[in-house]
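To start, the structure under review is shown below, and the notes come after it.
Start at 1 with the first residue, then count along the sequence.
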Amino acid sequence: MGWSGGEFLLRKDALDLLRLAVELELECSIVSNCKALTRKRLEEIRNVTRGGAKIIVGVNALDGSNRSSRDDDADRSIQVLEDCADLGLGRHVVITIGKYNADSFEKTVDYIVKNNISYNRSPLVARGSGSQCFEQMGFDRHDVEKYFHPVLRRNPHGYVSYTPFFLSPELYERVSGGLRNNMIPGNPAIGCWVGSWLGVNAEGGVSVCPVLLDVLNAGNVRERPLDELVQSSPLFAEILDRSRLKGRCGRCRYQYTCGGCRAMAYFHTGDYMGDDPTCFFDPVDRSTVSEHEEETNRNFKKYLLVVRGAGVYKPPGSGPSAQSPLPAEQGKSSAG
């Protein structure tokens, strides 16, 4: 369970909620802007979560010239990451990518990898404060091809939750045990992770991805139990079925192992099932193979070792599959 906000730690009952989550045997991650994360506060979090919490911070750039557009206090975030290492708390970095940090992205990732910290990229979108700068600062297919994608391809240390993701569908079929009913891949999750997450806002609204929270609503947990809501939601049913993707995404060899970013499709075109306009791959049909497929396959095999150790990947024949959790036949649901 990931706790986010606003700033979750401003809640008076934040520690009580963390304690309750741990008692329910849920692992906790806390997304924070670090302003409330003093060392004393981190010690309190460690105590109530029995040392099992992961602190997630944003580091959009390490150099000052690339920080101002998102008010990114990287120095404070880095201090928190160092304190977490001292206290034995888990650490994770989210890099929100846009034109403002395209040329510094490689330097930021190199620092994170060197310090053995997990990370993922998150797209700048027209949601919340991002609405004010999305048109000017949102990345395009050129930025992805020249700056972001080369770095992501060669670093299996981060989530492989980025697009375009040129993983051979034949390789994924072999190592995962296959895809079920055209659904998103979940053993492990790759490409666009839409639907592998459940986003729940403070009012109880549920969405298929935290990035799409508040703009795509599948219902409210104050009105129906979470599991019933997800299983009956037309939004979840459609967006989980990659056979329904349109345009380039619908004719792509990597339709199921990538899926295109549903958030980019929505925020650029208004159609969350349309093709991803920030993707630089132009397939004629399913026979078009990306020049980056071989490299993606190599790093994916390394990634399998990490996710198997984390318990979110099970090789075929090793027990119940860790397939995408959301359809009823695919196991327990998760919340983020």
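Hydrophobic clustering of Ile, Leu, Val, Met, Phe, Trp and Tyr side chains at less than 4.5 Å, counting indirect connections, keeps V31 apart from I78. Under a hydrophobic-cluster definition in which Ile, Leu, Val, Met, Phe, Trp and Tyr are linked whenever side-chain heavy atoms come within less than 4.5 Å, directly or via other members, V151 and Y159 are assigned to the same cluster. Hydrophobic cluster membership differs between L10 and L18, with clusters built from Ile, Leu, Val, Met, Phe, Trp and Tyr side chains linked at under 4.5 angstrom. Note on F300 and L305: separate hydrophobic clusters, where clusters join Ile, Leu, Val, Met, Phe, Trp and Tyr whose side-chain heavy atoms are under 4.5 Å apart, directly or indirectly. I112 and L81 fall within a single hydrophobic cluster, where Ile, Leu, Val, Met, Phe, Trp and Tyr are joined by side-chain heavy atoms under 4.5 Å apart, directly or via other members.
R141 CZ: more than 12 foreign heavy atoms inside a 6.0 Å radius. Annotation: E294, atom CD; neighbour count of heavy atoms from other residues, nucleotides and ligands within 6.0 Å does not exceed 12. Residue N116 places its CG atom among 12 or fewer non-hydrogen atoms of other residues, nucleotides or ligands, all under 6.0 Å distant.
S118 places a side-chain N or O within donor-acceptor distance of the main-chain N or O of R91, the cut-off being under 3.5 Å. The main-chain N or O of A265 is found under 3.5 Å from a side-chain atom of T269 such that the two form a donor-acceptor pair. Of the possible polar contacts, none joining the N60 side chain to the N101 backbone as a donor-acceptor pair under 3.5 Å is found. In this structure a side-chain-to-backbone donor-acceptor pair under 3.5 Å is missing from D241 to A237. For the pair R242 (side chain) and M183 (backbone), a donor-acceptor distance under 3.5 Å is absent. Looking only at distances, no side-chain donor or acceptor of D275 sits under 3.5 Å from a matching main-chain atom of G250. Side-chain atoms of S77 come within 3.5 Å of backbone atoms of G58 as a donor-acceptor pair (strictly under, hydrogens ignored). Judged purely by atom type and a 3.5 angstrom limit, N115 has no side-chain atom pairing as donor or acceptor with the backbone of I117. Side-chain atoms of D143 do not come within 3.5 Å of backbone N or O of F148 as any donor-acceptor pair. Here the side chain of E238 pairs no donor or acceptor atom with the backbone of R244 at under 3.5 angstrom.
Closest of all the heavy-atom pairs between C209 and V194 is CB-CG2, 4.2 Å. Nearest heavy-atom pair across S104 and A61 is OG-CB, 3.6 Å. A pairwise comparison of heavy atoms in M264 and P123 identifies CE-CB, 3.7 Å as the closest pair. Here the closest heavy-atom approach between residue T257 and residue S168 is recorded as CG2-O, 4.3 Å. Residues L212 and S207 approach most closely at O-OG, 3.3 Å, considering heavy atoms. Minimum heavy-atom separation, E203 to N220: O-ND2, 3.0 Å.
Applying the side chain to side chain donor-acceptor pair (under 3.5 Å) test to every pair with at least one member in residues 19-31, sequence neighbours left out, gives these pairs: D16-R19.
A distance of 5.0 Å separates CZ in R39 from CG in D86, rounded to the nearest 0.5 Å. In this structure, OG on S32 lies 8.5 Å from CG on L42, to the nearest 0.5 angstrom. Going from atom SG of C84 over to atom NE2 of H92 covers 13.0 Å, rounded to the nearest 0.5 Å. Put simply, SG on C28 and NZ on K54 are 12.0 Å apart, with the number rounded to the nearest 0.5 Å. Taken from CD1 in I190 to OG1 in T296, the straight-line distance is 10.0 Å, to the nearest 0.5 Å. The distance from the OG atom of S243 to the CD atom of Q255 is 7.0 Å, given to the nearest 0.5 Å.
Proximity of V215 to V125: side-chain heavy atoms (C-beta onward) are nowhere separated by under 4.5 Å. Between L216 and R262, every side-chain heavy-atom pair lies at or beyond the 4.5 Å cut-off. For the pair R154/E295, a side-chain contact is recorded, criterion being any heavy-atom separation below 4.5 Å from C-beta on. Annotation: side chain of Y111 is not in contact with side chain of V59 (no heavy-atom distance under 4.5 Å). The shortest side-chain heavy-atom distance between V94 and N120 falls under the 4.5 Å cut-off. No side-chain heavy atom of I56 sits under 4.5 Å from any side-chain heavy atom of I30. Between I45 and L9, some side-chain heavy-atom pair lies under the 4.5 Å cut-off. For the pair Y119/T108, no side-chain contact is recorded, criterion being any heavy-atom separation below 4.5 Å from C-beta on.
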Item to check | Chi angles and distances behind the side chain to side chain donor-acceptor pair (under 3.5 Å) call for D285, S287 | outcome: CA-CA 5 Å; D285 54 33; S287 67; 2.4 Å; yes
Next on the checklist: Does R253 form a salt bridge (charged side-chain N to carboxylate O under 4.0 Å, His left out) with E170? I'd like the steps, not just the answer.
Outcome noted: CA-CA 10 Å; R253 167 172 169 78; E170 294 83 8; 2.7 Å; yes
Item to check | Trace of the side chain to side chain contact (heavy atoms under 4.5 Å, CB included) decision for K107 with D110 | outcome: CA-CA 5 Å; K107 179 180 178 181; D110 286 346; 5.7 Å; no
Checklist entry - Taking it one step at a time, do Y313 and V306 satisfy side chain to side chain contact (heavy atoms under 4.5 Å, CB included)? => result CA-CA 9 Å; Y313 164 63; V306 177; over 6 Å; no
Next on the checklist: Pair D83, Q79 - check side chain to side chain donor-acceptor pair (under 3.5 Å), show working.
Outcome noted: CA-CA 6 Å; D83 287 343; Q79 181 60 58; 3.1 Å; yes
Item to check | side chain to side chain contact (heavy atoms under 4.5 Å, CB included) between L17 and F8, intermediate numbers included | outcome: CA-CA 10 Å; L17 289 171; F8 166 71; 4.0 Å; yes
Item to check | Worked check of side chain to side chain contact (heavy atoms under 4.5 Å, CB included) between C279 and V144 | outcome: CA-CA 7 Å; C279 176; V144 173; over 6 Å; no
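Screening D75, I55, L89, T38 against V80 for a side-chain contact (heavy atoms from CB on, under 4.5 Å) leaves a single residue, I55. Exactly one of T288, D282, D276 qualifies for a side-chain hydrogen bond (donor to acceptor under 3.5 Å, both in side chains) with R248. That residue is D282.
Note on ring orientation: taking the six-membered ring where Trp is involved, the planes of F166 and F280 are perpendicular (angle over 60°, cut-offs 30° and 60°). The aromatic rings of F134 and H268 are tilted relative to each other, their planes meeting at an angle between 30° and 60°. Using the six-membered ring where Trp is involved, W197 and W193 have ring planes that are tilted, between 30° and 60° apart. Between H149 and H292, the ring planes are tilted. Angles from 30° to 60° get that label.
In this view, R41 and E44 satisfy the salt bridge (charged side-chain N to carboxylate O under 4.0 Å, His left out) rule, not counting sequence neighbours.
Aromatic rings of Y254 and F281 (six-membered ring for Trp) have centroids within the 6.0 Å cut-off, being under it.
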